[in-house]
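To keep things clear, I will list the structure first and then write my remarks on it.
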Amino acid sequence: MKKLTALKKLLAAAASAVMLAAVLAFLPGAGTLTVSAAEPVTYYLMYQDEPDDQGDWWYQVGSEWEEDAEHRQLVYMTEQLKDGDIVIVGNAAPDQLVLNVHLSNLTIKNTTDRLAMVSVTGGIDNCFFLNDTLGSITGNVFNAYVYGASTATFCSNVTNLYSHNDNPNGDPNIGVSGTVAFFQSENVNKNYHPCGTNFAANTFSLENGELKTDSSNYTQDISGGPATTTSTSRPAPKPSNSSSASDEYDAVPKTGESSPVMWLSLIAVSCLSASLLLRKVAK
């Protein structure tokens, strides 16, 4: 009798496991586990010269540089920097700053007379040159926004390039060594001119807000508009002169993992097999 009671309990447990696995199999999203991507981190960089000419980049986490706040050397940031993060460069160094990631946002706020040279090997979703900025960018850029009397050099390809001529101190100067798929310039009255598409490599030149590229090297028709998504299907934001974009969507792909439904099903089958075996033994 005791063996029969134990067998009934085991069969009931096996049946419950089978039913649970069946229910989970039909739940929405039961086939995969979703791992959330880490939120983007904003790093603010400043170069500090030293008396012995051994200066270094220092950084703080956040969208503003605080003189009295703690800051650390660049080497510690590179250990943490990941794809999708945001970097703000506040001045310039004698040598090129190399970042071996893909950035969702790079902002150049350099107001010194020295050229800020930045290389981003993984490319940049959105690159901002704020007013009166000197900078050179190596790495493909999806959206580039150049404001006021800035001088911007892009050493790689730019998908969408926007010039904003709204600074009384002068208009932008822009050169691109790669190709430009779409270009549009906005003046102080919010009128769009000049513009064009499909600029050949190493031909784009804007001097004091005036397009110098020969008409044979680009198409003046922009009816197709700018590209709206990056290669990772990330939505392109509207042009902005904000120095911080900490709320931008970080589209680092999520990873799918094996479903627990499969494991529960295997366990249920094992329990059922064991119960049948015990039943034979009990007989």
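- Nearest heavy-atom pair across N126 and I124 is O-CG2, 3.4 Å.
- Grouped with L134 in one hydrophobic cluster are L115, M117, the linkage being side-chain heavy-atom contacts under 4.5 Å among Ile, Leu, Val, Met, Phe, Trp and Tyr residues.
- Between the side chain of N160 and the main chain of N143, no donor-acceptor pair closer than 3.5 Å is present.
- The ring-ring contact (aromatic ring centres under 6.0 Å, His included) test applied to F204 returns F183, F199, not counting sequence neighbours.
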Begin from the C-alpha positions of C127 and I137 and carry the test side chain to side chain contact (heavy atoms under 4.5 Å, CB included) through to its verdict. CA-CA 9 Å; C127 183; I137 303 298; 4.1 Å; yes
Side chain to side chain contact (heavy atoms under 4.5 Å, CB included) for V180 and T213? Distances and angles first, verdict last. CA-CA 12 Å; V180 177; T213 305; over 6 Å; no
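- Without hydrogens or angle criteria, H102 side chain to G122 main chain gives a donor-acceptor distance under 3.5 Å.
- Under the 30°/60° scheme for interplanar angles, the aromatic rings of H71 and W58 are found to stand perpendicular.
- Taking the side-chain hydrogen bond (donor to acceptor under 3.5 Å, both in side chains) definition, one finds that S215 meets it with nothing, sequence neighbours left out.
- Residues passing the side-chain contact (heavy atoms from CB on, under 4.5 Å) test with E207 are N173, S205, K212, sequence neighbours excluded.
- Of the possible donor and acceptor atoms, none in the side chain of N140 sits under 3.5 Å from a partner among the backbone N and O of G123.
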Assess whether side chain to side chain contact (heavy atoms under 4.5 Å, CB included) is satisfied between D85 and V101, documenting all intermediate values. CA-CA 9 Å; D85 279 345; V101 292; over 6 Å; no
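- With sequence neighbours excluded, no residue forms a side-chain contact (heavy atoms from CB on, under 4.5 Å) with D95.
- Inspection of the D221 and T219 side chains reveals no N or O donor paired with an N or O acceptor under 3.5 Å.
- Applying the side-chain hydrogen bond (donor to acceptor under 3.5 Å, both in side chains) test to D214 and every residue at least two apart in sequence or in another chain returns S216.
- In E70, the CD atom is not crowded: 12 or fewer heavy atoms of neighbouring residues, nucleotides or ligands sit closer than 6.0 Å.
- N91 meets the side-chain contact (heavy atoms from CB on, under 4.5 Å) test with M46, Y47, W57, N110, T112; sequence neighbours excluded.
- Of all heavy-atom pairs spanning P94 and R114, the tightest one is CG-NH1, 3.8 Å.
- In this structure Q48 satisfies the side-chain hydrogen bond (donor to acceptor under 3.5 Å, both in side chains) test with no other residue, sequence neighbours excluded.
- Using a 3.5 Å distance cut-off with no hydrogens or angles, the side chains of N157 and T179 do pair a donor with an acceptor.
- Remark: N100 engages V98, T121 in a side-chain contact (heavy atoms from CB on, under 4.5 Å) (not counting sequence neighbours).
- In this structure F154 satisfies the ring-ring contact (aromatic ring centres under 6.0 Å, His included) test together with F129, sequence neighbours excluded.
- Of all heavy-atom pairs between K82 and P40, the closest is NZ-CA, 4.1 Å.
- R72 pairs by the salt bridge (Lys or Arg N to Asp or Glu O under 4.0 Å) definition with nothing, not counting sequence neighbours.
- Legend: residues meeting ring-ring contact (aromatic ring centres under 6.0 Å, His included) with Y43, ordered by chain and number and at least two apart, are Y59.
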